[in-house]
Protein chains: 2
Amino acid sequence: MVLPSRLRLEQFAQLSPQDRQSLLGAVSHTLELEPDCDLISQEERPTACYLVLEGMMCRYKSLQGGRRHIVGFHIVGDFCDLNGPVMGRMDHNVASLSPAKLAVIPTPALFRLLEQRPQIEHAFWKETIADAAIAREWIANVGGRSAYERIAHLLCEMGRRIEAAGLAQDGAFDWPIRHQDLAEAMALSSVHVSQVFQRLSNEGLVKGEEGRLRILDWPGLEAAGQFRSHYLFLAGTAVAEPLVP
Amino acid sequence: MVLPSRLRLEQFAQLSPQDRQSLLGAVSHTLELEPDCDLISQEERPTACYLVLEGMMCRYKSLQGGRRHIVGFHIVGDFCDLNGPVMGRMDHNVASLSPAKLAVIPTPALFRLLEQRPQIEHAFWKETIADAAIAREWIANVGGRSAYERIAHLLCEMGRRIEAAGLAQDGAFDWPIRHQDLAEAMALSSVHVSQVFQRLSNEGLVKGEEGRLRILDWPGLEAAGQFRSHYLFLAGTAVAEPLVP
DNA sequence: CGGTTACTTGAGGCGCGTCAACTTCTGTGG
DNA sequence: CCACAGAAGTTGACGCGCCTCAAGTAACCG
C-alpha cells in the first residue's frame with residue numbers, strides 16, 4: 001500500500017519522514033467499498049479511523065422519516081473519522097459516495113501513534129479543527145444563502161480542496177456526487193439542484209463531463225457563491241503557523 | 001479570580017488538581033464585555049483564548065449584505081475560541097450576547113500549557129471535537145427541520161448544556177438570547193421566531209420569565225425537536241472513554 | 001414624558017418543495 | 001441484437017412555509 005502523495009494532514013503540520021513512516025506502520029489493512037456503503041454508524045463505538053485512498057466519502061446524520069442529511073464530504077488524503085475514536089462514540093454516520101478504498105488504522109494503533117509522535121497528534125487536532133471550520137461554513141451556507149449561491153459555494157469549496165489535494169487535471173476532477181447527494185447536503189430537493197446546475201452550466205461557470213466536473217470560470221463561480229477560501233486553511237492561501245512557535 | 005466549578009473540559013477528561021492549577025496559572029487577566037461586543041474578528045490572528053466566566057457568547061460568520069449568521073453559542077465554563085490560536089487565524093467572529101466576563105489565556109501561555117500538560121491538550125482537543133459535533137447537528141437542524149422543530153431542538157440543546165454546566169436552578173436558567181439572535185442562529189426571521197415561541201409556550205413546553213427560560217415539559221420539547229442528546233457528549237449520558245486507555 | 005429596543009400582529013408574496021410524467025443512459029439476459 | 005428494468009436526471013404544475021414590509025404595543029430609561 002502507498003499513502004496518497006498529499007495527505008491533508010500535511011497541510012497543517014510538517015511531518016518528518018519518520019512521522020510518515022509511523023503513520024504507515026499504524027495501518028493494519030486496506031478496505032474496498034462499493035458506492036453507498038455505510039462504513040461506521042451513528043452511536044457505534046468506532047474500532048478504527050480511516051484514511052481515504054481512493055473515491056469519495058461523506059458524513060451524514062439520520063433524520064426522522066428515513067431522510068438523511070449529509071454534513072461533510074471527504075476526498076482522497078482525508079481522514080475519516082478521527083472524532084469517533086477520540087470521543088469513543090460516533091455522533092454521525094460515515095459512508096461511501098463512490099467506489100472507495102481506505103487505509104484502516106485500528107484505535108489502539110491510533111492511540112499509540114498519538115502518544116509516540118506528538119507532531120502527528122497536533123496535525124490530527126488541526127485536521128479536526130479544519131473540518132469543524134468547514135462545518136461552520138456549511139451552517140452559514142445552508143442557512144444564509146439561496147439555492148444558487150449555496151451550490152456555487154459548495155462547488156468552489158470542493159474544487160479548491162480537490163486542487164489542494166493534487167487531484168485535479170487541467171481544471172477538471174472526478175465528480176461522483178449525484179444531484180440527490182448534493183440535495184441532501186445542501187438541504188434542497190434534487191429537482192431544484194438539477195435546475196440550479198443547469199443555470200450554472202448555461203452561465204458558463206461549470207461543465208459536467210461524464211463523472212467529472214470542470215470549473216470554467218473560477219472568479220465567476222466564486223462571485224456566484226460569495227466564496228472566500230480562508231476557512232479551508234489550505235496551505236498556500238494562508239500561512240499555517242506552527243502549533244508551538 | 002475563580003474558575004467556574006464545572007469546566008466543560010472536565011466533561012471530557014479528568015483533570016488533576018495540578019492540571020487545574022496550571023490552567024489557572026496560564027490566565028493573564030480577566031475581561032468584561034458589554035452585550036453585543038466583538039471579541040475576536042474573522043481573519044484576525046488571535047492573541048489569546050478565552051474561558052467564559054459569566055454571560056453568554058456566540059460565534060458568527062459575516063454574510064453578504066451585512067447579515068450575520070450565528071454558528072454556535074457558548075456558556076459559562078466553555079472555551080472560546082481554541083480553533084483560532086491553534087490554526088493561527090480566525091475563520092469566524094466571536095461576540096458577546098449578554099454582559100460577559102472572560103478569563104484570558106494568551107497564546108504563548110496556551111502553547112506552554114499544551115506542551116507541559118498532555119492531559120489538558122487531550123481535553124482541549126475533545127472540546128473542539130464536541131463543538132464540531134454540535135456544528136454538524138446544526139447543519140442538519142437548519143437544513144432538515146421545520147422552524148418549529150428547529151427551535152425546539154435548539155432549546156433542548158441549550159437546556160441540556162446549561163444543566164450539565166450546573167447553571168440551572170430548579171429547571172430554569174438565564175436566557176439573554178433575543179429573538180433576533182435566535183433568528184440569526186436558526187436561519188429564520190425574528191417574526192417567525194416570535195410565532196414559534198408563542199406556540200411552544202401555548203403548548204406548555206417552555207415558559208419565558210424575565211430574562212430567564214423554564215422548560216416545563218422536557219419529554220414534550222424533545223419530541224417536538226426530535227432531540228437526542230448523544231451528540232453533546234455530556235458526562236453522564238455517555239461513558240467518556242479515556243483517550244489513551 | 002419622548003426615544004429606543006424588543007416583541008407582536010397581520011397582509012401579501014416568493015423560493016423552493018412535492019408530485020408526477022417523461023427522457024436518457026446503462027446493464028442484463030434472452 | 002433487441003427487450004426490459006432500474007437509476008439518474010429533466011420538465012412542468014401547483015402549493016406551502018417562511019420572508020418581507022409595515023404598523024402597533026409594551027417595557028425601559030434618560
Side-chain angles (χ1 to χ4, degrees), chain A residues 34-37 56 63-70 96-99 141-155 174-202 206-213 224, chain B residues 34-37 56 63-70 96-99 141-154 174-202 206-213 224-225:
Chain A
E34 302 284 292
D36 279 310
C37 281
M56 207 177 278
L63 293 177
Q64 186 152 297
R67 293 171 301 142
R68 71 173 190 174
H69 204 296
I70 292 177
S96 58
L97 291 168
S98 67
N141 202 28
V142 169
R145 298 196 181 98
S146 70
Y148 173 77
E149 296 164 341
R150 215 180 289 179
I151 290 182
H153 188 101
L154 181 75
L155 296 183
D174 288 340
W175 188 255
I177 301 179
R178 295 161 305 181
H179 290 182
Q180 183 56 40
D181 301 321
L182 262 183
E184 286 168 4
M186 296 287 95
L188 296 165
S189 67
S190 67
V191 171
H192 206 192
V193 169
S194 167
Q195 289 161 354
V196 169
F197 236 103
Q198 280 173 55
R199 182 173 159 203
L200 291 168
S201 293
N202 292 339
V206 301
K207 186 167 163 227
E209 304 177 336
E210 289 289 305
R212 290 173 67 79
L213 188 73
Chain B
E34 302 284 291
D36 280 308
C37 281
M56 208 177 278
L63 294 178
Q64 185 151 297
R67 292 171 302 142
R68 71 172 189 174
H69 203 296
I70 293 177
S96 58
L97 291 168
S98 67
N141 202 28
V142 169
R145 298 196 181 98
S146 71
Y148 173 77
E149 296 164 341
R150 213 180 290 180
I151 290 182
H153 188 101
L154 182 75
D174 288 341
W175 189 255
I177 300 179
R178 296 160 305 180
H179 289 182
Q180 183 57 40
D181 301 321
L182 261 184
E184 286 168 4
M186 296 288 96
L188 296 165
S189 67
S190 67
V191 171
H192 206 197
V193 169
S194 167
Q195 288 160 353
V196 168
F197 236 104
Q198 280 172 55
R199 182 172 159 204
L200 291 168
S201 293
N202 291 340
V206 302
K207 188 168 163 224
E209 304 177 335
E210 290 290 306
R212 291 173 67 78
L213 187 73

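Each chain gets a letter, A, B and so on, in the order its sequence line appears, and its residues count up from 1. Remember, predicted model here, so these are calculated numbers, not experimental data.
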| When you check every protein heavy atom under 4.0 Å of nucleotides 16-30 of chain D, what one-letter string (B, S, -) results, 5' to 3'? | --SSBB---------
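For the pair B/Q198 and C/dT9, the criterion of a side-chain N or O lying under 4.0 Å from OP1 or OP2 is met. Residue A/S194 places at least one side-chain N or O closer than 4.0 Å to OP1 or OP2 of D/dT10.
Rounded to an integer number of Å, the gap from B/E184 CD to C/dA6 P is 11 Å. When the C1' atom of D/dA8 is taken as reference, atom CG of A/L182 falls 13 Å away, rounded to whole Å. With rounding to whole Å, A/Q195 atom CD is found 9 Å from D/dG12 atom C1'. Look at CH2 on A/W175: it is 16 Å from P on D/dA8, rounded to the nearest Å. Between the CD1 atom of B/I177 and the C1' atom of C/dC7 there is a distance of 16 Å, rounded to whole Å. With rounding to whole Å, A/R199 atom CZ is found 16 Å from D/dT11 atom P. In this structure, A/E149 atom CD and C/dG15 atom C1' are separated by 12 Å, rounded to whole Å. Protein atom CD of B/E209 is 18 Å distant from nucleotide atom C1' of C/dC7, rounded to whole Å.
Among residues two or more places apart in sequence or in another chain, the ring pair (Phe, Tyr, Trp, His ring centres under 6.0 Å) test is passed with A/H192 by none.
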| field | Verdict with supporting geometry, A/R150 and A/V193, side-chain contact (heavy atoms from CB on, under 4.5 Å) | value | CA-CA 10 Å; A/R150 215 180 289 179; A/V193 169; over 6 Å; no
| request: Test side-chain contact (heavy atoms from CB on, under 4.5 Å) on A/R68 and A/I70 and set out the steps. | output: CA-CA 6 Å; A/R68 71 173 190 174; A/I70 292 177; 3.9 Å; yes
| said: Run the side-chain contact (heavy atoms from CB on, under 4.5 Å) test on B/D181 and B/M56 for me, step by step, so that the C-alpha distance in whole Å, both residues' side-chain angles and the decisive distance to 0.1 Å come before the verdict. | reply: CA-CA 12 Å; B/D181 301 321; B/M56 208 177 278; over 6 Å; no
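Considering B/V196, B/I151, B/L182 as possible partners of B/L188, the one that fulfils the side-chain contact (heavy atoms from CB on, under 4.5 Å) test is B/I151.
Environment of CD in B/E209: crowded, with over 12 heavy atoms of neighbouring residues, nucleotides or ligands closer than 6.0 Å.
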